[in-house]
Amino acid sequence: MADLSALVLLAAEAAEHGAEHAEPSALGMSPTAWVALSMLVLIAIAVWAKVPAMLTGMLDSGIADIRKQLDEAKALRAEAEALRKEYADKIANAEKDAAAMKAAADAEAKQILARAKSDAEALIVRRGKSAEDKIASAELAVVTELRAMAADAAATAARGLIASGHNASADKKLVDQAIGSL
């Protein structure tokens with residue numbers, strides 16, 4: 001820090017005493033002129049080598065590439081939107097189909113239930129009729145058997161009565177009556 005302040009003081013003293021320094025020059029031109037000349041030569045070479053055209057060409061090709069990528073992105077976005085809409089439609093249709101399938105299954109289940117109920121009722125009626133027929137058949141068989149038993153019992157009783165109440169003379173009398181009625 002001390003060195004810097006010393007230099008500033010020396011520069012201030014030299015300026016007060018009128019010390020002037022000589023400006024460097026080469027071939028009669030100052031350093032500013034040389035810098036300006038070199039810049040003009042550099043710009044002239046760049047123009048002669050068509051550097052601005054190359055730069056604008058590179059920029060134009062970059063812009064074209066960016067435009068192409070933007071167009072591709074727009075196309076991809078449109079395609080993605082179309083796919084999204086298509087899948088949304090498919091989902092909606094699938095939901096409608098599922099609802100229709102459920103409704104059809106419910107209707108079919110109701111039909112099956114109604115058919116099963118009517119079949120069960122018909123089976124109950126058939127089994128009831130079959131049971132009634134079996135009961136009537138059993139009743140008829142019992143009545144027939146009872147009649148046969150009654151007939152057998154009556155015949156046995158009649159034989160016993162005839163045998164006990166009839167003898168040979170009573171038989172002769174019956175036979176004569178029978179012959180006489182003929």
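Residues: numbered from 1 along the sequence shown.
- Considering NZ of K74 and CD of Q69, their distance stands at 13.5 Å, rounded to 0.5 Å.
- Heavy-atom neighbours of E81 CD from other residues, nucleotides or ligands within 6.0 Å: above the threshold of 12.
- One distance of note links NZ of K90 with CG of L83; it measures 9.0 Å at 0.5 Å rounding.
- Atom CG of L70 and atom CD1 of I63 lie 11.5 Å apart (nearest 0.5 Å).
- K129 has no carboxylate O lying under 4.0 Å from a charged side-chain N of E132, or vice versa, which leaves the two without a salt bridge.
- Between A33 and M29, the shortest heavy-atom contact is CB-CB, 4.0 Å.
- Within a 6.0 Å sphere centred on CD of E108, other residues, nucleotides and ligands contribute 12 heavy atoms or fewer.
- The distance from the CD1 atom of I43 to the CE atom of M39 is 5.0 Å, given to the nearest 0.5 Å.
- Residues satisfying the side chain to side chain donor-acceptor pair (under 3.5 Å) test with R67, not counting sequence neighbours, are none.
- To the nearest 0.5 Å, atoms CG (D71) and CD1 (I66) are separated by 12.0 Å.
- Here the straight-line distance linking atom CZ of R84 with atom CZ of R77 works out to 10.0 Å at 0.5 Å rounding.
- For the pair T156 (side chain) and D152 (backbone), a donor-acceptor distance under 3.5 Å is present.
- Looking at T144, its side chain does come within 3.5 Å of a backbone N or O of L140 through a donor-acceptor pair.
- Here K85 pairs with D89 in a salt bridge; the nearest charged N to carboxylate O distance falls below 4.0 Å.
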